[in-house]
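Note sheet for the following structure.
Letters A, B, ... are given to chains in the order of the sequence lines, protein chains preceding strands, and every chain is numbered from 1.
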Protein chains: 2
Amino acid sequence: MAISYPVPVAAAGSKSGAASPDAGQRILDAAYELFSRRGIRDVGISELIERSGVAKATFYRHYRSKDELALAFLARRDQLWTVDHILAGARSRGSTPTQQLLAIFDVFGDWFSRDDFEACSFINVLLEMGPGHPLGQASIDYLARIREHVQALAEEAGLARPGEFARSWHILMKGSIISAAEGDTHAAARAREMAAWLIEHHQR
Amino acid sequence: MAISYPVPVAAAGSKSGAASPDAGQRILDAAYELFSRRGIRDVGISELIERSGVAKATFYRHYRSKDELALAFLARRDQLWTVDHILAGARSRGSTPTQQLLAIFDVFGDWFSRDDFEACSFINVLLEMGPGHPLGQASIDYLARIREHVQALAEEAGLARPGEFARSWHILMKGSIISAAEGDTHAAARAREMAAWLIEHHQR
DNA sequence: TCCGGTACAGACCGGTCGGTCTCGTTATAG
DNA sequence: CTATAACGAGACCGACCGGTCTGTACCGGA
């Protein structure tokens, strides 16, 4: 999150105020906030341009369609959430690959307890649009990337059958996210417990 | 819940052919097919009434609004899917409570491999409408009912801490459903394996 | 000074949404 | 036979959708 604005070149005099990056970036920032919390369909173009302080024509100069913006949002979500938040957080919390794997659920625990918990955008969009829609397919691809990260950690940890391991692990991640969306505040701890058993069974 | 159907008065002769229940029933049948496969928002009233061969006014004589019909759909889904299909199937496949618990994932395995697999409507609707919407809340309630069924089986099996057990078990159920929605054809077997470990750890 | 590019504002388009209302028909109960 | 009510068909409503287009203002570079 956070979405840092590196100070917009000062911009000197102007009506829009000083802290305003270029239009394309503001649109993507607004899309991230709105799409991640409310899904794609629920957010209209008008709300999007109002939030980003942009004219409609400007919007369509930067993105050919709403779906193209949604695609850009998913890519950004992969970077900010999957890579920068979850994975980086997990790697920094554990000193060994095995500890880093388990730390994923510690990061989840903090994430689940946020008052603005928004669940996983890839799952949300997949279920919202269906696997046949381009956005659904993109979501499936990004979910597969998450599994690849888990698999890489499993290989570092020397676990047996890392591919199978990652798929089982992912079941725990996704299941706990849905439970958190239902309101279960201890979902992460429950998943972590089962995750430890999964590691045991994959130790050579 | 439950929504009893008091037998549609037979209706005897009619132009619409013999196998045509009363309008209210036809609407709910169409809603079940459409809502379960495509979610709530994606299905419009016009498609609903066209599919059920009903006039718009007739629709609104039976249901005050689209949301009220969606609510009735969720109740029906709980009966037909949760109770009649999953639970009854699991109970018939196992002779002991423990076997019946594990058999849930055998039923899931068959379900996942259906070409028209539609995932879990309660999860779909919860993520589609959000927990603040009445339909999202209803979905949360029906998901809790699923956990109650699991908890009852855990108690029959004499497992320790059946409430906690059911919450962990439910994580496996939901996670495997999402994995199946992504296309993992072995998601049920993976979840079943972890479910067996969960049972071991809850055996007194 | 002029010019091309980018920006904002917002009217406008066809289409769809959920929901209301008016019809003419049909079946049944009294 | 008549009164009543449920029905199918579909016009109609205001609201909103994604997307296009026009008009005006401001910018830096030549």
The side chain of B:A57 lies closest to which of these nucleotides: D:dC21, C:dA7, C:dC21?
C:dC21
Between A:F122 and A:Y142, how do the two ring planes meet: parallel, tilted or perpendicular, split at 30° and 60°?
parallel
Close aromatic pair by centroid cut-off 6.0 Å: B:W111 and B:F105
no
Give the nucleotide from the list C:dC8, D:dG8, D:dG18 with an atom nearest to the side chain of A:K56.
D:dG18
What residues, two or more places apart in sequence or in another chain, satisfy ring-ring contact (aromatic ring centres under 6.0 Å, His included) together with A:H149?
none
Decide if atom CD of A:E156 counts as having more than 12 heavy atoms of other residues, nucleotides or ligands within a radius under 6.0 Å.
yes
Would you kindly give the CD-to-C1' distance between B:E47 and C:dT16, to the nearest whole Å?
12 Å
Reckon A:R61 has a side-chain N or O less than 4.0 Å from the OP1 or OP2 of C:dT6?
no
Between P on C:dC8 and NE2 on A:H62, what's the gap in Å once rounded to a whole number?
8 Å
Return the value, rounded to whole Å, for the distance between atom CD of B:E68 and atom C1' of C:dG18.
14 Å
Approximate separation, where rounding is to 0.5 Å, of B:K66 NZ and B:L135 CG:
9.5 Å
Could you tell me whether B:D42 and B:R37 make a salt bridge, using a distance below 4.0 angstrom between a side-chain N and a carboxylate O?
no
Which of parallel (below 30°), tilted (30 to 60°) and perpendicular (above 60°) describes A:H201 and B:W197?
parallel
Rounded distance in Å - NZ (B:K66) to P (C:dC17):
8 Å
Which of the following nucleotides, C:dC17, D:dC7, D:dC17, is nearest to the side chain of B:T58?
D:dC7
With a 4.0 Å limit, can you tell me whether B:R26 has a side-chain N or O closer than that to the phosphate oxygens OP1/OP2 of D:dG8?
yes
Whole-Å distance separating the CG atom of A:L48 from the P atom of D:dG19
11 Å
Can you list, in residue-number order, the parts of residues 126-133 of chain A that come under 4.0 Å of DNA chain D, counting heavy atoms only?
none
Picking from C:dG18, D:dG8, C:dA7, the nucleotide nearest the side-chain atoms of B:Y60 would be C:dG18
Does NE2 belonging to A:H133 count more than 12 external heavy atoms closer than 6.0 Å?
yes
Rounded distance (Å) that lies between atom P of D:dG8 and atom CZ of B:R51:
17 Å
First locate atom NE2 of A:H85, then atom CG of A:L80, and finally report the distance between them rounded to the nearest 0.5 Å.
10.5 Å
Between D:dG18, D:dG8, D:dC7, which nucleotide gets closest to the side-chain atoms of B:A55?
D:dG8
Take the protein atom CD of B:E50 and the nucleotide atom P of C:dG18, then report the distance between them rounded to whole Å.
14 Å
Judged by modelled atom types alone, do B:R77 and B:S121 share a side-chain donor-acceptor pair under 3.5 Å?
yes
Can you pull out the residues from residues 34-44 of chain B that lie within a 4.0 Å heavy-atom distance of DNA chain C?
B:V43, B:G44
Considering heavy-atom distances to DNA chain D, does A:I45 or B:G53 have its closest nucleotide positioned more toward the 5' end?
B:G53
Separation of B:F59 atom CZ from C:dC17 atom P, in whole Å?
13 Å
